[in-house]
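Start at 1 with the first residue, then count along the sequence.
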Amino acid sequence: MESVNELETYLLMNYIVADKDIYIPSAVKQILDGKYELLLENKNLLSLSETIDNIEETIVKFIKTDKDQHLNWLSIGIASLLHFIQHNWTGPSSKLEIENYSFLREIAFKNLSLHDECNENMSRAEFLYLAKIIFSCKELQSSFESCAWWLLRANYVHQLILEENSTIIFQQFEKLIEIISQSSLLENYCLKTIFNLEVTHFYLYYRRVQSSEIFFEIAEKIAELKLELKGALGVRTKYQQMEKAQLLLKIKIEKELFPSRPSDVTPNALNLNDDLRLEKIKFSEETQNVKLGSIEEAIIMTKYFHLQLSQPKHQLTSEEITPYLARVIENTNNWSLKLSSLYQRCVNESNHKRTIERSIAQMEYLIDQVNDDKAQISHRMDMFFVSGLKPKWSFKQTLADQKLNLGLVKGALDLYLSLHLWEDVVLCYTILGLKHKAAEIIKQEIDKKPSVKLWCLLGDAMEEEEHYETGWKLSEEKSSRAQRHWGIFHFNKKNYIEAVAHLKLSAELNNIQESVWARLGFACLEIENWELAATAYRSFCALDQTCFEAWNNLAKAYIKLGEKQRAFRALQDAIKCNYDRWEVWDNLMVVSIDLGRFTEVIRCYHRIIEIKGQHLDVQILNILSNAIIDDINDADGNKTRNILPKALELFGRITSVLPNNADVWRLYAELNSLNNDDINNQKTAQYLQRAYRASVSDPKWFQRLESVENVLSMCIKLAEAYENCSQNCSDIQKRGLLGSAKLSLQSVIKKVKDQELSQQQEIINNLLKVEEKLINIIADLDKIK
């Protein structure tokens, strides 16, 4: 007989990884052959109906009593889980019920719901419930290291059949990851790769992109698989004459393939049969098709899911991730991977007019394939946990969505009704102008079997608040869904104070609801509850780190709380999410100037100009210039004068796109004057001359007090600059410089004296200074005549 560790490996892999003849216990062999019902007809299990009140205690007692039967119990748990998967994912479903298990169904639904609700389309819940009881037994976990891994798999499947993301399952999952990471089973590189891929899929489900990356990179590294997108010339259409660059997935593997087995039958990919598009891109050069096993293909498929979630939804993103999907579709011999990849292609093609027909036909074909019995049951389970395969009802839901996109509302409605997708039923009836009909159907369903979900949907359909309260009470005040719908009801009516109370409670009951945290944060900003707004957006960003609006709003809350350092970090994260929103850069620039991060201010200003083409913020430029002129210390304790060259570069760029702003030229001149040499003195005078011209370019400048004061102040600086740069030059150059200054000052003095504003004391003082400068310039000119 094989060692326990080897048997566990075979069970985790779902097939025997060995070339030699080996003895396999009958319970293990039945699982590997897909004969789950045989194991489930166990005499101990069949007697459980007598102990319905303490089912968990009874099973644990059975396991504790006879240690020699531990392998059988582990096998029964695995058979239960895989039997559940067979009936809800891979098919084919058996119409025959296994004797004496139906008594568990009601208690299974209750225990699996976790205060919310399971998907109504789920069947044979008792087997998932039974599997979780067995795998959770500490005695069994101490006998088999793989028991914790099977519990992790059961928890993942459990989450997939829930209507809501579960905090309880998430926390259990992370604890199990720690336990399994220490297991000797992971000394097997094949199992270690699969484990890291399974964890990646788990984190992707909860949208924890950064966490998923860590485990995916480990799997990719162990497999020594390198995936790289490259450009290659090719054509997409039948009549395309000129080849253009197309994306091609280059695959390089630097070790032997992991063991795998091909499925005897896999679903077919239907042809496009389009009169214009080719079935696939035709590249000018033959591309080498690297042979891969199912584990390596699972890595590619996981990479696809990761990119799909981590990249913004855009046509370019679709172009970048399609080559990964195409590689799996075209080459895999694994049933689950083929079905999953074809499903994903259907979803991608459902929004394009040239591919929607194939998308619908392929989806109908896949639904038939799940129910078809040609492929062996055991083969369907290979790589299931790393395939990303959706439940059976998702295929019909997607088909309904496709029909709705085509305007086939009644066809979609029939499918939604059969799947009990009441939200979509409400949408269809609203489109058909029969919203009252949606309420009637929901009421009928409530009469049959009331549920929290139905009461909430009735509240949405009728816009009556008391229905949410009924659902809340029905859940014994434990449903996050009831509070979420209640909160959104008030949120949509802009009753933000009431919305905050309900959304906050919903988030407390289930803290992994992105939409709830986002709405709670926004509502708190509206009512100026900055502390709770910061908490809400911080929680949202922990769940979804790719939303720049959330980071931006988090920064706003921090600013209102006076925590500018935290706002600075939040805005930096916002920029990582969206590099092309000038508003976020502007916010970061404002916070940076307050914190004395002047180098960052310059970087932000440059980026805003790159995005907008031009940008003017005199207040920021003024603070930056004064900081450099006064040579204060920045946030890191460095002298600000050190960034003078970078600041001058920025002003040069600003004046090139905004050549007629007096304030910018004046600040540019003041900064440039810090470089005290002949060449820079001339530049300073030129910049001030540009500032002067911009100031007097308005034909009515002399009629406004503020502009008169600015021009007089400018003239004083201009005269000083001309005097300064004329000291070390020839008489001819000096005469030209001073002559120009004389004309400018005379023109200003005459304009100001002709106005009533010249009687203002401040203007009188500045005017006297300008006249004094003019007298000095005239005297200097007389000396060189």
Side-chain angles (χ1 to χ4, degrees), residues 115-116 164-165 167 170-171 206-208 456 459-460 463-469 471-473 475 477-578 581 583-595:
H115 308 313
D116 282 295
E164 306 286 324
N165 287 352
T167 308
F170 184 86
Q171 292 170 348
Y206 286 96
R207 305 181 65 86
R208 301 292 180 93
C456 290
D460 294 344
E463 296 186 359
E464 293 178 2
E465 188 176 356
E466 61 266 22
H467 297 313
Y468 304 122
E469 187 174 2
W472 173 240
K473 289 178 179 177
S475 73
E477 300 188 351
K478 293 178 180 177
S479 172
S480 60
R481 174 192 278 270
Q483 287 296 326
R484 182 177 74 240
H485 280 259
W486 205 343
I488 292 172
F489 169 80
H490 286 295
F491 184 91
N492 291 337
K493 292 182 178 296
K494 298 185 178 181
N495 301 329
Y496 295 121
I497 294 175
E498 293 89 344
V500 165
H502 295 292
L503 293 171
K504 183 173 179 286
L505 182 52
S506 179
E508 287 171 355
L509 290 165
N510 183 352
N511 64 9
I512 52 175
Q513 300 180 89
E514 292 100 321
S515 62
V516 172
W517 285 121
R519 285 187 172 92
L520 177 59
F522 182 85
C524 288
L525 290 182
E526 291 295 306
I527 63 173
E528 299 185 1
N529 186 340
W530 312 121
E531 191 71 49
L532 186 53
T535 300
Y537 279 117
R538 197 162 51 240
S539 299
F540 176 89
C541 292
L543 297 171
D544 184 355
Q545 296 153 342
T546 62
C547 179
F548 84 92
E549 291 99 337
W551 287 111
N552 200 38
N553 288 342
L554 176 59
K556 179 179 178 179
Y558 281 146
I559 290 169
K560 294 293 185 180
L561 290 168
E563 299 181 25
K564 292 181 180 177
Q565 193 65 47
R566 297 179 80 178
F568 175 79
R569 290 195 293 269
L571 287 167
Q572 285 188 314
D573 285 321
I575 283 166
K576 291 175 188 174
C577 300
N578 193 326
R581 286 297 291 260
E583 296 94 341
V584 184
W585 285 98
D586 191 43
N587 289 342
L588 179 58
M589 183 169 67
V590 171
V591 173
S592 298
I593 204 85
D594 286 344
L595 293 173

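Ring-plane geometry between F489 and Y468 is classed as tilted, the angle between the planes lying from 30 to 60 degrees on a 0 to 90 degree scale.
Qualifying ring-ring contact (aromatic ring centres under 6.0 Å, His included) partners for H485, counting only residues two or more places apart in sequence or in other chains: none. Every residue meeting the ring-ring contact (aromatic ring centres under 6.0 Å, His included) condition with Y206, not counting sequence neighbours, appears here in chain and number order: F170, F202. Partners of D544 by salt bridge (charged side-chain N to carboxylate O under 4.0 Å, His left out), not counting sequence neighbours, listed by chain and number: R207. Under the salt bridge (charged side-chain N to carboxylate O under 4.0 Å, His left out) criterion, E498 pairs with no residue, sequence neighbours left out. Partners of W551 according to the ring-ring contact (aromatic ring centres under 6.0 Å, His included) rule, which considers only residues two or more places apart in sequence or in another chain, do not exist here.
Taking each heavy atom of G487 and A499 in turn, the nearest pair found is O-CB, 3.5 Å. Closest non-hydrogen pair, L532 versus N529, comes out as N-OD1, 3.2 Å. In plain terms, the two heavy atoms of W585 and I575 that are nearest each other are CZ2-CG2, 3.3 Å. Of all heavy-atom pairs between A533 and G521, the closest is CB-O, 3.9 Å. Here the closest non-hydrogen pair linking R484 and S515 is CD-OG, 4.3 Å. Summarising the geometry of L595 relative to K564, their closest heavy-atom pair is CD1-O, 3.6 Å, with the distance given to 0.1 Å.
With values rounded to the nearest 0.5 angstrom, T535 atom OG1 is found 4.5 Å from R538 atom CZ. Going from atom NE2 of H467 over to atom CG of D460 covers 10.5 Å, rounded to the nearest 0.5 Å. Atom CD of E469 sits about 9.0 Å away from atom CD of E477, to the nearest 0.5 Å. Of the inter-residue distances, the one linking Q483 atom CD with K478 atom NZ reads 14.5 Å to the nearest 0.5 angstrom. The CZ atom of R581 sits 6.5 Å away from the CD atom of E549 when rounded to the nearest 0.5 Å. Between L520 atom CG and Y496 atom OH the span is 12.5 Å, to the nearest 0.5 Å.
More than 12 heavy atoms of other residues, nucleotides or ligands lie within 6.0 Å of CG in L561, so this atom counts as buried by the packing criterion.
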Inset, instruction - Check step by step if side chain to side chain contact (heavy atoms under 4.5 Å, CB included) holds for L525 and Y537. - result: CA-CA 10 Å; L525 290 182; Y537 279 117; 3.8 Å; yes

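Within the 4.5 Å cutoff, side-chain heavy atoms of F568 are placed close to those of Q565. Between Y558 and V591 there is no side-chain heavy-atom pair separated by less than 4.5 Å. Looking at heavy atoms from C-beta onward, E463 lies in side-chain contact with K493 at the 4.5 angstrom threshold. No side-chain heavy atom of S479 sits less than 4.5 Å from a side-chain heavy atom of E164.
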Identify all side-chain donor-acceptor contacts of residues 503-510 below 3.5 Å with residues at least two apart in sequence or on another chain.
{"from": "K504", "atom 1": "NZ", "to": "E508", "atom 2": "OE2", "distance (Å)": "2.8"}
{"from": "S506", "atom 1": "OG", "to": "S480", "atom 2": "O", "distance (Å)": "2.8"}
{"from": "S506", "atom 1": "OG", "to": "Q513", "atom 2": "NE2", "distance (Å)": "3.1"}
{"from": "N510", "atom 1": "OD1", "to": "T167", "atom 2": "OG1", "distance (Å)": "3.0"}
{"from": "N510", "atom 1": "OD1", "to": "I512", "atom 2": "N", "distance (Å)": "3.3"}
{"from": "N510", "atom 1": "ND2", "to": "N165", "atom 2": "O", "distance (Å)": "2.4"}

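Although no hydrogens or angles enter the test, the distance criterion places no donor-acceptor pair under 3.5 Å between the side chain of W530 and the main chain of I559.
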